[in-house]
Amino acid sequence: MAAPDAFAHLARYYDPIMSHVNYDRWFSCTLALAELAPAPFRHVDTGCGTGVLVNMLRQAGWQSAGIDLSAAMVSAGRRARGSLPLAVADLRALPFNNSLGFITCLFDSLNFLLEERELRQAIHEFARALCPGGLLYFDIVTERMVTLHFAGQEWDEDNGGFQSSWTSVYNRATACAETRVRINTGAETLIRERIYPHALLENMLRDFGLTVLAVYDAERWRRPTRHTTRIDFIAMKQPPRNVNRQFKEVTKHVRTLLES
Ligand SMILES: C[S@@+](CC[C@H](N)C(=O)[O-])C[C@H]1O[C@@H](n2cnc3c(N)ncnc32)[C@H](O)[C@@H]1O
């Protein structure tokens, strides 16, 4: 039996709730990184949610598509943005083989995988789906993010037209955060995320033959520190010889954007 859709109740409220989120940063980084992908390339955003990034990229002329586990999120995305190419699929079993030039997986979608073996499966699938020279860009949130902004907190938000009520707990022993959100007086949504050390992910990327180009604090594109709340990972399958030089240029460009 299929697992229940975690976003069944929340999906149609997702976009207004996330209206403060800086999608421009992911958009700019994705555009900058595309310099490294083999041209022409197929791009798929995995864990795409309601397709915000896919939509931005398509408006910029890309042929991007998105996949997400939640049928409710995909439907909400299609309703909000017309006929976007979004499909329901599991990033632990991607329907692509050796064919994608660029995969993104952003806004902590990988933290939704609660078992280490699921994370391994996802990285394995990314590596399998990429073509030679294909690029992978994903992020995860850190324990710092959870303890600073969520753990042990209770708050209400006025989302213009509806109210959302939030409570969040974090269990350090299991590294799992549980956030409950209720829209007005409706049903409660439980969002569960697990925090993973970045070294674990780096090792997994290497285990599946990917070359790690960078592990950066997402807001500065510099080495993560104990203050880092979100980490960007950039990896490539069978990179060309000059990739490090090219990547240095991309890093310089992105740092300029982030600092401006
Ligand atoms: C915080 S949302 C981010 C959505 C989107 N990337 C964005 O920027 O708005 C996390 C998303 O990951 C999706 N997700 C979680 N587990 C997944 C899986 N195994 N396969 C595909 N998507 C998954 C959820 O359904 C949800 O839409």
Side-chain angles (χ1 to χ4, degrees), residues 2-30 43-58 64-81 84-96 100 102-126 128-129 136-142 145-146 149-150 159 164 166 168 176-181 189-196 204 218 229-233:
D5 186 336
F7 285 88
H9 299 295
L10 197 63
R12 66 196 179 99
Y13 302 100
Y14 184 83
D15 287 349
I17 286 178
M18 298 305 170
S19 60
H20 64 284
V21 170
N22 186 0
Y23 282 95
D24 286 342
R25 188 179 63 73
W26 287 311
F27 175 65
S28 304
C29 291
T30 303
H43 167 251
V44 173
D45 188 35
T46 60
C48 66
T50 56
V52 178
L53 182 65
V54 170
N55 193 43
M56 291 169 94
L57 291 168
R58 289 184 73 85
S64 298
I67 64 108
D68 198 279
L69 189 61
S70 163
M73 291 291 261
V74 166
S75 304
R78 288 206 197 110
R79 255 195 318 275
R81 314 198 158 79
L84 272 190
L86 307 181
V88 178
D90 191 333
L91 58 78
R92 294 164 297 181
L94 287 176
F96 308 100
L100 302 182
F102 198 168
I103 297 176
T104 47
C105 184
L106 297 164
F107 203 176
D108 39 294
S109 297
L110 285 186
N111 292 97
F112 283 68
L113 305 180
L114 300 178
E115 303 283 342
E116 206 174 297
R117 66 175 165 74
E118 296 177 274
L119 193 63
R120 265 192 100 70
Q121 239 173 318
I123 303 295
H124 172 264
E125 287 298 274
F126 292 150
R128 187 179 63 75
L136 172 63
Y137 168 36
F138 67 87
D139 68 7
I140 56 166
V141 287
T142 64
M145 168 72 96
V146 175
H149 297 297
F150 292 90
N159 302 106
S164 53
W166 303 71
S168 190
C176 282
E178 290 195 350
T179 303
R180 290 168 197 274
V181 50
T189 293
L190 171 62
I191 296 168
R192 298 171 76 205
E193 293 191 66
R194 180 161 171 202
I195 302 305
Y196 292 101
M204 283 185 189
T229 54
R230 183 178 297 281
I231 300 181
D232 280 353
F233 292 77

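Read the numbers this way: they start at 1 and go in the same order the structure lists the ligands and their atoms.
The nearest protein atom to atom 20 (N) of ligand 1, hydrogens excluded, is given as Leu91 N, 2.9 Å; this is a heavy-atom distance. When hydrogens are left out, the protein atom nearest atom 21 (C) of ligand 1 is Leu69 N, 3.2 Å; that is the closest non-hydrogen contact. For atom 13 (C) of ligand 1, the closest non-hydrogen atom of the protein is Asp68 OD2, 3.3 Å. Nearest non-hydrogen protein atom to atom 5 (C) of ligand 1 is Gly47 O, 3.3 Å. Atom 9 (O) of ligand 1 has its closest protein heavy atom at Tyr23 OH, 2.6 Å. The protein atom (non-hydrogen) at minimum distance from atom 15 (C) of ligand 1 is Phe112 CB, 3.7 Å. Summary of contacts: the protein heavy atom closest to atom 12 (O) of ligand 1 is Ser109 OG, 3.2 Å.
Numbered from 1 in the order shown, with element, the atoms of ligand 1 that lie under 4.0 Å from a heavy atom of Ala89 read 20 (N), 21 (C). Taking every non-hydrogen atom of Phe107 and a distance limit under 4.0 Å, the qualifying atoms of ligand 1 come out as 1 (C), 3 (C), 7 (C), 8 (O), 9 (O). Within ligand 1, the atoms closer than 4.0 Å to a non-hydrogen atom of Met73 are 27 (O), numbered from 1 in the order shown. Close approach of ligand 1 to Phe7 (heavy-atom distance below 4.0 Å) involves ligand atoms 24 (C), 25 (O), 26 (C). Distances below 4.0 Å separate heavy atoms of Ser70 from the following atoms of ligand 1: 25 (O). Interface of Arg92 with ligand 1, defined as ligand atoms under 4.0 Å from a residue heavy atom, comprises 19 (N).
Residue contact annotation: Cys105 has no non-hydrogen atom under 4.0 Å from ligand 1. Judged by the shortest distance from any of its heavy atoms, Leu113 lies inside the 4.0 Å radius around the atoms of ligand 1. At least one heavy atom of Asp90 sits less than 4.0 Å from an atom of ligand 1. Residue contacts with ligand 1 include Leu106, since one of its heavy atoms falls under 4.0 Å from the ligand.
For the pair Cys48 and Val54, the tightest heavy-atom approach, listed with the atom from each and the gap, is CB-CG2, 4.4 Å.
Heavy-atom proximity to atom 3 (C) of ligand 1, evaluated over Tyr14, Phe138, Trp26, is greatest for Tyr14.
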